> 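The structure follows.
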Amino acid sequence: GPLEEMSLPLFFGWFLLSSVQDKVRCTSMDFLKTLDTLEAFKKHLSDFTGKAEKEVDLEQYFQAKGTLHCTTKFCDYGKAPGAKPYAQNTAVKELYGSAFELSLSALFVTPRTVGARVSLTEEQLLLWPADPEEEAGSTSLPRGSRAHITLGCAEHVEPVQTGLDLLEILTLQQEGQQGEPIEEMELGSLTYYGEGRWLLTLREPICTPACFSSFYG
Ligand code: A2P
């Protein structure tokens, strides 16, 4: 019945403390503000607008949704494959409600999403489900590659896209595509991977406290 379906959450994940959410949002906004003034970005503007001559305000282009978090397992109230075994996993039960320190190692922007890459520790990988990379068709990337925080989505784009965009960039890197080095920014080095895919590798990872919990919605 409906009550039984409600016993599993929409998703499990690490939820950033509200004070650091603001900091991460500001960092992301600053990055977007700088990115859309760069000549290199303007050169590839048609990736975002479809028309070379139009301008784009990236801060308006992406909409932020909900509280910042890094999804571990999307359960869809139990309907998603593997939801129940994940929820019953020993590490998930024991670490539920605990505090963690997440390391954000890069920011990325595509015409669909903006997000932060999360580099998981061994302990954090205990909470990572078996197959989110394979589900997305990326069979050869290391476990945890998909870990990210969605910072914003373009109109009509669902947040699930952010992890797929990240995997796409990591797959290009793994295939040996270096990308086009653009410039050293205050936050780190900016690389362009074609088709509107931008990656800012942070010089200093952003460390942020986060609570492992779940969201029912
Ligand atoms: P993400 O983790 O990239 O932010 P929604 O609001 O669309 O129901 O999604 C709720 C959360 O679950 C979002 O954080 C979203 O993406 C994530 N999510 C949605 N669908 C999936 C999916 N099929 N696989 C993995 N994560 C998902």
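Every value quoted in this text rests on a predicted model; they were computed, and no experiment measured them. Just follow the structure's listing: the first ligand is 1, and inside any ligand the first atom is 1. Heavy-atom basis, side chains included; hydrogens, waters and symmetry copies ignored.
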> In residues 144-152, what donor-acceptor pairs under 3.5 Å come from side-chain atoms, sequence neighbours left out?
unit_1	atom_1	unit_2	atom_2	d
Ser145	OG	Pro142	O	2.5
Arg146	NH1	Pro132	O	2.7
His148	ND1	Arg146	O	2.7
Thr150	OG1	Thr162	OG1	2.9

> Could you pull out all residues at least two apart from Phe100 that satisfy ring-ring contact (aromatic ring centres under 6.0 Å, His included)?
Trp14
> Show me the pairs that pass salt bridge (Lys or Arg N to Asp or Glu O under 4.0 Å) and involve residues 91-101, at least two apart or across chains.
none
> Going by atom types alone, do Gln174 and Ser140 pair a side-chain donor with an acceptor below 3.5 Å?
yes
> Which of these, Trp198, Phe31, Tyr192, sits in a ring-ring contact (aromatic ring centres under 6.0 Å, His included) with Phe41?
Trp198
> Checking side-chain polar atoms at under 3.5 Å, does His44 have a donor or acceptor matched by the opposite partner on Ser46?
no
> With hydrogens left out, which residues have an atom under 4.0 Å from ligand 1, given that only heavy atoms count?
Leu10, Phe11, His69, Thr71, Phe74, Arg146, His148, Thr150, Glu158, Pro159, Val160
